[in-house]
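Reminder, nothing fancy here: chain letters follow the sequence lines and each chain counts from 1. When reading the values below, keep in mind they use all heavy atoms of this one structure, side chains included, and skip hydrogens, waters and symmetry mates.
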Amino acid sequence: MSARQWLMKSEPDVFSIDDLERVRVSGWDGVRNYQARNFMRAMRAGDEVLFYHSNAAPSGVAGLAVVAREAYPDPTQFDPKGGHYEPRATRAAPVWDQVDVRFEAKLPRLLSLDELRGVPALAGMALFARSRLSVQPVTPAQYRTIVALAGRGR
DNA sequence: GCCAACGTTGGC
DNA sequence: GCCAACGTTGGC
């Protein structure tokens, strides 16, 4: 089966596309929403990811990544001193998963949420209707549209 | 920093 | 199982 496409949000103050470029591969830890977790569980190695900067000025799609490792337990859920501790989780029965993503590219320019909202081909994106969902599927057509937009300029 | 939207928790 | 209270996300 060919790769599928996703959008994943990160606050650039915490972890940006530039950080991913530096480290090349990173675990996508800290997701604490069931729907987002379930989407990560559905990811397969090689799936394509739009790296979205949230809580930014402006927010928008900043780069491309690829799923490098499929879902496995997020280690931060076991750390009582960390901000992502999950008291219900045990090693035998973890609650939260993460995937690893590999840096692919920075887009030639950031595609802001505001600009994406104005693109008719993207009208159905979960990004607009489900603004709080930090991991979400993207259709191949939406993915292609965004990559093409980034290369074309405004 | 504010606050609306919305997901989660917990009392009943 | 309902739903009010609470906490978090994320745009602005």
Side-chain angles (χ1 to χ4, degrees), chain A residues 4-23 26-43 47-67 70-101 103-139 141-143 145-150 152-154:
Chain A
R4 289 170 298 178
Q5 290 80 28
W6 308 91
L7 180 146
M8 302 178 82
K9 297 180 184 177
S10 179
E11 300 191 25
D13 291 348
V14 178
F15 189 78
S16 71
I17 187 71
D18 294 308
D19 294 322
L20 183 60
E21 180 171 24
R22 190 173 328 110
V23 300
S26 174
W28 203 274
D29 61 22
V31 171
R32 295 294 180 269
N33 169 283
Y34 289 105
Q35 201 172 5
R37 180 200 67 181
N38 293 342
F39 282 135
M40 288 201 295
R41 287 181 174 176
M43 290 179 181
D47 282 3
E48 296 168 308
V49 175
L50 297 170
F51 192 118
Y52 181 92
H53 283 175
S54 61
N55 259 310
S59 295
V61 177
L64 307 177
V66 172
V67 175
E70 296 174 6
Y72 62 100
D74 174 350
T76 65
Q77 71 193 299
F78 304 121
D79 177 10
K81 291 183 290 297
H84 296 295
Y85 181 58
E86 173 54 75
R88 295 171 298 169
T90 63
R91 300 274 169 184
V95 177
W96 302 111
D97 281 359
Q98 66 180 51
V99 295
D100 287 354
V101 300
F103 177 80
E104 189 72 13
K106 273 187 78 167
L107 291 185
R109 66 194 184 88
L110 181 110
L111 293 171
S112 72
L113 178 62
D114 191 52
E115 179 176 358
L116 298 177
R117 271 202 192 104
V119 180
L122 301 178
M125 283 189 78
L127 187 60
F128 311 128
R130 307 285 322 284
S131 66
R132 295 187 48 191
L133 186 59
S134 65
V135 177
Q136 50 186 261
V138 171
T139 68
Q142 290 163 349
Y143 184 90
T145 298
I146 287 173
V147 173
L149 264 180
R152 184 186 308 149
R154 218 183 251 273

Side chains of A:V101 and A:M43: closer than 4.5 Å at any heavy-atom pair?
-> no
Sugar-phosphate, base or nothing in reach of A:R32, heavy atoms under 4.0 Å = nothing
When we call it a touch if two heavy atoms are under 4.0 Å apart, what does A:Y52 touch: a base, just sugar-phosphate, or nothing?
-> sugar-phosphate
Give a yes or no on whether the backbone of A:F128 and the side-chain of A:S131 come within a donor-acceptor separation of less than 3.5 Å.
-> no
A:A42 backbone acceptor or donor facing A:R4 side chain under 3.5 Å | yes
Taking heavy atoms of chain A and a 4.0 Å limit, find me the 5'-most and 3'-most nucleotide of DNA chain C within that range.
-> C:dG7 to C:dC12
Do A:W96 and A:Y72 make the cut of ring centroids closer than 6.0 angstrom?
-> no
Toward the 5' end of DNA chain C, by each residue's nearest nucleotide, A:R132 or A:R117 = A:R132
Between A:D97 and A:R41, which heavy-atom pair has the shortest distance, and what is it?
-> OD2-NE, 3.0 Å
In terms of side-chain heavy atoms, does A:T76 have a donor or acceptor partner in A:D79 at a distance below 3.5 Å?
-> no
Per the end-axis method with five pairs at each terminus, what is the bend angle of the helix from B:dG1-C:dC12 to B:dC12-C:dG1, to 10°?
-> 10°
Name the orientation class of the two ring planes belonging to A:W28 and A:F51 (parallel below 30°, tilted from 30 to 60°, perpendicular beyond 60°).
-> perpendicular
Residue pair A:N55/A:E86 against DNA chain B: nearer the 5' end by closest nucleotide is A:N55
Worked verdict on A:L50 versus A:L64 for side-chain contact (heavy atoms from CB on, under 4.5 Å) | CA-CA 5 Å; A:L50 297 170; A:L64 307 177; 3.6 Å; yes
